[in-house]
Amino acid sequence: MRIVSFAITLFLASFLCAAWPSAGWAVESVRVDSDTKAIDLTPMIERYRSDGDEIRISTAPGRDGIVRRIAVKAREAGTRPDWIVFALTNDSDEQVDRLLVAPHFRLTASGVIWPDLGSSRIAAITASQGIRPEKDESTTDADAFLITLDPGTTVTFVAELRTADLPQLHLWNADAYKERVNGLTLYKGIIIGIAGLLALFLTIVFVVKGALIFPAAAALAWAVLAYACIDFGFFQRIFPITESAERIYRAGAEAVLAATLLVFLFAYLNLNRWHVRYSHVTAFWLTFLGALIGLAIFDPPVAAGVARISIAAVAGIGFILVIHLATHGYDRAIMLVPTWLLLIAWVTAAGFTIMGQLTTDLVPSALIGGLVLIVMLIGFTVLQHAFSGGAFAQGLVSDTERRALALAGAGDIVFDWDVTSDKIFVSPEIEHQLGLKTGTLAGAASDWLQLIHPFDRDRYRAALDTVIEQRRGRLSQDFRLRSSGGSYYWFRLKARPIVGSDGEVIRIVGTLTDVTDSRTSEERLLHDAVHDNLTSLPNRQLFYDRLEAALTLANQDTGLRPTVLVVDLDKFRPVIESVGHSAGDSILLTLSRRLGRLLRPQDTLARIGGDEFAVMLLSEREPDRIIAFADMVRRAITTPITYAEREIFLTASIGIVLYDPQSAARREEVVRNAEIAVAHAKRQGGDRIEVFRPTMRSERSDRFTLETDLRQAVERNEMKVLFKPIVRLEDRTIAGFESMLRWDHPRLGRIGPDDFMPIAEETGTIVSLSVYLLEQTGRELAAWQDALEVDPPIFASINMSSHHLLRHDLLQDVKAVIARTGVLPGSLKIEMTESIVMENPEYSAQMLMRLRDLGAGLSLDDFGTGYSALSYLQRFPFDTIKVDQSFVRQMANGKPVILRSIVKMAHELGMEIVAEGAETESEAIELYQLGCEYAQGPVFGEPMSTHQARQLVGAGTQAA
C-alpha cells in the first residue's frame, strides 16, 4: 500500500508540474542572522524571464519540508518583465526586520561599451507569506524595501525588475545601513567641498592672470566638481530630475570631463607652438567631444562609452607627449610628469572597476576622491606659473611698457609676445599699413603663419622656438607679411627674450621695422647686376655663366650640344638718329619679345651689347635645324616694326658657333668666335647668316692690330682732346665746353669715337681713356678759370661710359683730379647718358650722390630719349639737363610742346637746360624764348683743339 500511495503522490506531483506554466525548482534559502549587519544577495538570487505578465515559482521548503507553489502577477497587465527570486530563513525566536537595498547606479561592472548608467531596479516585491514588504521612500539613490521575517519562518520573495540588469542587492541591518549612509555622506560632502573650493580658486586665478592655462585648469576643476555631484547624488537632491534625465547628465558629465582634460593638456604644454598639426588634431577632437554632449541627449550609453574611451586616450597620448617633451628639456612637461603618472594610475583603476575586476564598495568613492586629488595637483602646478617671477616679473612688464612707449614715439613698431598666455601685441600702425582690421595681428604666435609668406614660415617658427628653448640670445629675423590686397611687405623683427625667476621665457619683446624698400633695392641691385635694364634679358655676364655651365655639362653628356648665336643689327645707329632714342628703346623691346617667342624653355636669349643679342641654343642639335632656326631669327628681325605711324625696316647679321666636342674653347672664346662670324657677315653686306670657321680669325687680324694700337694710343700721345663750345643764350658768351676724344692713328689717320669706342669698351681700355680725358679736361679748365674771373665760372663737361661709372675707382679719379687742378666746385661736370644711368638706377643714385659731395657737377645727357627717365629724375642729383637734338628738330614743325614741358619741369626742379643740335640762329633764338639757358651745335662751332678753345674763350670774354 505504501508503494501504491508513493506512486500516486509522485504521479500527482508530475501532473501538477506539467500543468503549471512557469514552474521552477524550489529556491535555496539564505539564513538571516540577527548579528549580521549586511548580506550580499547578488550571487544568491535566481533570475527569470517570463513569457507573460505572470510567473509561478516553487517556494523554498519551510520547517515542515513542504514546497509550495505561488503565482505573482506583474503590476501592468500584458507586460513581460524580468524577475528575481530569493528566499530568507529566520531560525531565531524573534522577529527580524531587514532593509533590502538595490542601488540605482553602480560604477563597478558598469561596462565600457554601452555602459549601465543607472535606473530604478525593483518595481515591486511579493512575499510568499508573512508581512508584505514596504518600500522606503527616503532613499533616493537606491530601491529600498523593509522586509519583516517572523520567527522560525522561511519566506520566498519574488521581485519584479524595472530593467534587465541588477548590479547589486544587499540585505542590510537598518542601523548599519544608516551608519554607512551617514559616513559616505560626510565623505562625499568633504570631497565636493574641496572640489568646489578648488574650482572657485582656479577661477579667481584665471581672472587675475589671463593666460590660457588658467581657464583650462579652472574648466577641468568645474568638470570634476560636476561629475562628483552627479555621481554622489548631490545634484539630484538639489534639483529633482527623472531617471532618464539623470542618465543624460551622467553621460554629458563624462564627455565634458574628457574635453576639459584635453583642453588642459593642449594649453599647459602649449602644443600650438610646437606644430600647427597639434592644433588641428585638438580642434577636431574637441569638436568630436562636443558632438558627444549632444549625442548624450539621444543615446546616453553610447555617448558615455565613447567619453570613457576618450578619457583613457587623452591620458595615454598625453603621457607619451609629456615624456617626449620632458626628455627634450621642456620644463612644463617635467613638472607635469608626477601628476600625469597619478592620472594614468587613476585611469587604470577606473578601467578595472568598470570592467568588474575591482568590486569593493569603497572603490567608486575612492576614485572620485582620487580625481579631485589629481585636479588639486594640477592646480598646484599651474600656480607655479601664475606667480612665477613675483614682483620682479611685474617690474619687467612695466619696463617693457616704458620701452614700447619710447619706441612708439620714435616711430618704430612694437612687438610684444606674452609667451605664457600666447598673445602677441603689435602697434596698430602695421595693421593700418597692411590694410588689416584692428586686432588681426593680436593673438597667438601661430595665427601669424597664415599671413607670413610660405617661404618664410619655417624660419619664423624655428627662430621663435629656438629663443624659447635656449632662453637667451637675440632674435633678428626678416619675413614677409601679406596685406589685404595680396601684396607682401618685408619686415625685420629684432627682439630678445625675457626670462622669469623659474627660468622660463615669459615674454619676447622687440621691434618690427619695415624694410621693404631696402629689400627691393637689394633685389633690384642683384637683378640689375646680371640683367639688361631695358629688356630684362640676361646680360653678357649671366650669359657667360649659363654658357659655361652648359659647356661643362656637355663634356659629360653627349646628348647636349650647346650652340651659340650672336645677332647684331645692321646700321642701327642711323635708325636711332632718325627716329630718336625713345623709338630705339621701343624697337629693341619689340625685337627681344619676338626673339623670345622663338626659343624653348631650355634656351637662353641675352642682350650683350647696345644692338647685339646672343642665343644659347640647346633645343636643336642638327646643323640643318640650327641654320633653319637662325633663318627664323633673321626673318623675325626683318619683319617691319610700326612706330608712330611709320614702318621701320631692320636687318641683322648672325654668327653661329656649332658645338665641337674636341674643342676646349672657353666661354669668352666661343662668344668671340660668334662675333667674328658676325663681322664676316657684315663685311659681306649684312643680313646674312655665317657659321664660324677657324679661317675667319685671320680676317680679323686688322681689328686685333687696332686693339693693340689702341692700348698704346695714350702712351704714344695719339689721343687728342677736343672741345665743343656751349654758349649762354642770354648774352651769347662761351659758358663752357664739352670735351671729347679723337684718335690720330699714325697709319689710318683721325678715327672718330664711333669707331674706336666699341673696341675700347670690349677690351677694357675705355677706363684708361676716360681717366685721360678727365685729367686733360680738368687741367685745361683750371687754366681757363685762372685766366678768367667771370661769374658764373666757365665749366667743362666730360661724358663718362658705363664701364667707368660702375667702378668705385671713378670716385677716386674725380677726387684726385679736383684736388690736383683746383677747379671751382661744380664746374667740372660729369656727364652721362640716360641709358647708362637707367642700367642700374639704384647704384647710379648712390654714385651720383657721392660725386656731388666731392664737388663735381652732374649733367644728364640725351634726356627724354629713354622710357623711364621722368619717373626717376627726382631721385638723381643732376644740376644740368642736356636735351636731345631730336626735340630741337621738332621746333621746325612748329610743335615744341615736349621741349617746353621739359624746360618747365627742369626749372621747377632747380636744373639748367643745355639744348643740343642748334643749327641756325633762328633755332637759337627760339630756344632762348622757350627758357633754355645754354645751347650747343653747328651754329656755335664744331669741336676744336685746346689752342682754338683758348682763343675762343679770350675773344668771347673781351666781347662781353
Novice: Donor-acceptor pair, distance only, cut-off 3.5 Å: does the side chain of D456 make one with the backbone of R480?
Specialist: yes
Novice: Could you check whether atom CZ of F455 has more than 12 heavy atoms from other residues, nucleotides or ligands sitting under 6.0 Å from it?
Specialist: no
Novice: Give me each pair satisfying salt bridge (charged side-chain N to carboxylate O under 4.0 Å, His left out) with a member in residues 593-605, each pair once, sequence neighbours excluded.
Specialist: none
Novice: Flag the pair L650 / F572 as yes when at least one side-chain heavy-atom distance between them is below 4.5 Å, and no otherwise.
Specialist: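 Yes. Closest side-chain heavy atoms under 4.5 Å.
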Novice: How far apart are the closest heavy atoms of L605 and G596, and which atoms are they?
Specialist: CD2-N, 3.8 Å
Novice: Side chains of E675 and I608: does their closest heavy-atom pair fall under 4.5 Å?
Specialist: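 E675 vs I608: side chains touch.
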Novice: Please report the interatomic distance CG(L534) to CG(D585), rounded to the nearest 0.5 Å.
Specialist: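 Rounded to the nearest 0.5 Å, the CG-CG separation comes to 5.0 Å.
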Novice: Considering all heavy atoms of both residues, which atom of L560 and which atom of A550 are nearest to each other, and what is their separation?
Specialist: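 Smallest heavy-atom distance, with atoms named: CD2-O, 3.8 Å.
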Novice: Of all the heavy-atom pairs spanning L588 and G610, show the shortest one and how long it is.
Specialist: CD1-O, 3.5 Å
Novice: Assess whether a salt bridge exists between D879 and K829, defined as any Lys/Arg side-chain N lying under 4.0 Å from an Asp/Glu carboxylate O.
Specialist: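 Salt bridge between D879 and K829, a charged N being under 4.0 Å from a carboxylate O: yes.
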Novice: Between R459 and D478, does at least one N-O distance fall below 4.0 Å, as a salt bridge requires?
Specialist: no
Novice: Does a side-chain N-to-carboxylate-O contact under 4.0 Å join E775 and R820?
Specialist: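 Yes, this pair counts.
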Novice: Is the number of heavy atoms from other residues, nucleotides or ligands within 6.0 Å of CG (D517) greater than 12?
Specialist: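 Atom CG in D517 is not packed in, count stays at 12 or less.
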Novice: Could you give the distance from CG (L617) to OG1 (T604), rounded to the nearest 0.5 Å?
Specialist: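 Separation between the atoms: 10.0 Å.
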Novice: So, the side chain of R716 versus the backbone of E718: is there a donor-acceptor pair under 3.5 Å, distance only?
Specialist: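 Pair absent, no side-chain N/O of R716 close to backbone of E718.
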Novice: Do you know which of R540, R546, Q541, E548 makes side chain to side chain donor-acceptor pair (under 3.5 Å) with Y544?
Specialist: R540
Novice: To the closest 0.5 Å, what do you measure between CD1 (I726) and CZ (F737)?
Specialist: 9.0 Å
Novice: Distance from F878 atom CZ to L858 atom CG, nearest 0.5 Å?
Specialist: 6.0 Å
Novice: Taking atom CG of N673 and atom CG of D660, what is their separation to the nearest 0.5 Å?
Specialist: 10.5 Å
Novice: Considering non-hydrogen atoms only, spot the tightest contact between L848 and M832 and give its length.
Specialist: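 L848 and M832 have their closest heavy atoms at CD2-SD, 3.6 Å.
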Novice: For the pair D861 (side chain) and E831 (backbone), establish whether a donor and an acceptor sit closer than 3.5 Å, ignoring hydrogens and angles.
Specialist: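 Such a contact is absent between D861 side chain and E831 backbone.
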Novice: For the side chain of K815 and the backbone of L851, is there at least one donor-acceptor N/O pair under 3.5 Å apart?
Specialist: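 Here the side-chain-to-backbone pair does not exist.
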Novice: Locate the shortest heavy-atom distance separating F940 from P725; write the atom from each residue and the value.
Specialist: O-CG, 3.4 Å
Novice: Answer whether the closest heavy-atom distance between the side chains of V883 and L899 falls below 4.5 Å.
Specialist: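 Result yes, sub-4.5 Å side-chain heavy-atom pair found.
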Novice: Answer whether the closest heavy-atom distance between the side chains of V566 and E612 falls below 4.5 Å.
Specialist: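 Heavy-atom side-chain distance check passes, below 4.5 Å.
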Novice: Do D611 and D568 have side-chain heavy atoms sitting under 4.5 Å apart?
Specialist: yes
Novice: Heavy-atom count around E622 CD within 6.0 Å, excluding the residue itself: above 12?
Specialist: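 Not more than 12 within 6.0 Å, no.
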Novice: Given R635, which partner from the list T638, T639, D631 fulfils the side chain to side chain donor-acceptor pair (under 3.5 Å) test?
Specialist: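 Of the listed options, the one satisfying the test is D631.
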Novice: For Y934 and F795, run ring pair (Phe, Tyr, Trp, His ring centres under 6.0 Å): C-alpha distance rounded to whole Å, both residues' side-chain angles, the deciding distance at 0.1 Å, then the answer.
Specialist: CA-CA 12 Å; Y934 308 101; F795 62 85; 5.7 Å; yes
Novice: Is it true that Y489 and F479 have ring centroids separated by less than 6.0 Å?
Specialist: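 Y489 vs F479: aromatic centres not under 6.0 Å.
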Novice: Using a 3.5 Å distance criterion without hydrogens, assess whether the side chain of D884 forms a donor-acceptor pair with backbone atoms of F887.
Specialist: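 No: the side chain of D884 does not pair with the backbone of F887.
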Novice: With heavy-atom distances below 4.5 Å as the criterion, would you say the side chains of T516 and Y488 are in contact?
Specialist: no
Novice: In Å, rounded to the nearest 0.5 Å, how long is the span from CD1 of I654 to CZ of R634?
Specialist: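 Going from the CD1 atom of I654 to the CZ atom of R634 covers 7.5 Å.
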Novice: Kindly say whether S945 contributes a backbone atom to a donor-acceptor pair with the side chain of Q948 at under 3.5 angstrom?
Specialist: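 Yes.
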Novice: For I818, which of L774, D813, V823 qualifies under side-chain contact (heavy atoms from CB on, under 4.5 Å)?
Specialist: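 The option that passes is V823.
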Novice: May I have the step-by-step check of side-chain hydrogen bond (donor to acceptor under 3.5 Å, both in side chains) for T777 and S739, ending in yes or no?
Specialist: CA-CA 7 Å; T777 304; S739 62; 3.0 Å; yes
Novice: Under 3.5 Å, is there a donor on one side chain and an acceptor on the other for T535 and S592?
Specialist: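 There is no such pair (donor and acceptor under 3.5 Å, judged by atom type) between the side chains of T535 and S592.
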Novice: So, for L773 and N799, which heavy atoms are closest and what is the spacing to 0.1 Å?
Specialist: CD2-O, 4.5 Å
Novice: Between Y772 and M719, is there a donor-acceptor pair closer than 3.5 Å when you use the side chain of the first and the backbone of the second?
Specialist: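 Yes: the side chain of Y772 pairs with the backbone of M719.
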Novice: Do T651 and D570 have side-chain N/O donor and acceptor atoms under 3.5 Å apart?
Specialist: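 Looking only at side-chain atoms, D570 and T651 do form a donor-acceptor pair, the distance falling under 3.5 Å.
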Novice: Should L537 and F613 count as side-chain neighbours, where that means a heavy-atom distance under 4.5 Å?
Specialist: yes
Novice: H531 versus S536: any side-chain heavy-atom pair under 4.5 Å?
Specialist: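 Not touching, per the 4.5 Å side-chain cut-off.
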Novice: Looking at E923 and E919, would you say the former's side chain and the latter's main chain have a donor-acceptor pair under 3.5 Å?
Specialist: yes
Novice: Could you go step by step and tell me if K882 and E738 meet the salt bridge (Lys or Arg N to Asp or Glu O under 4.0 Å) rule?
Specialist: CA-CA 11 Å; K882 296 187 73 173; E738 177 185 357; 2.8 Å; yes
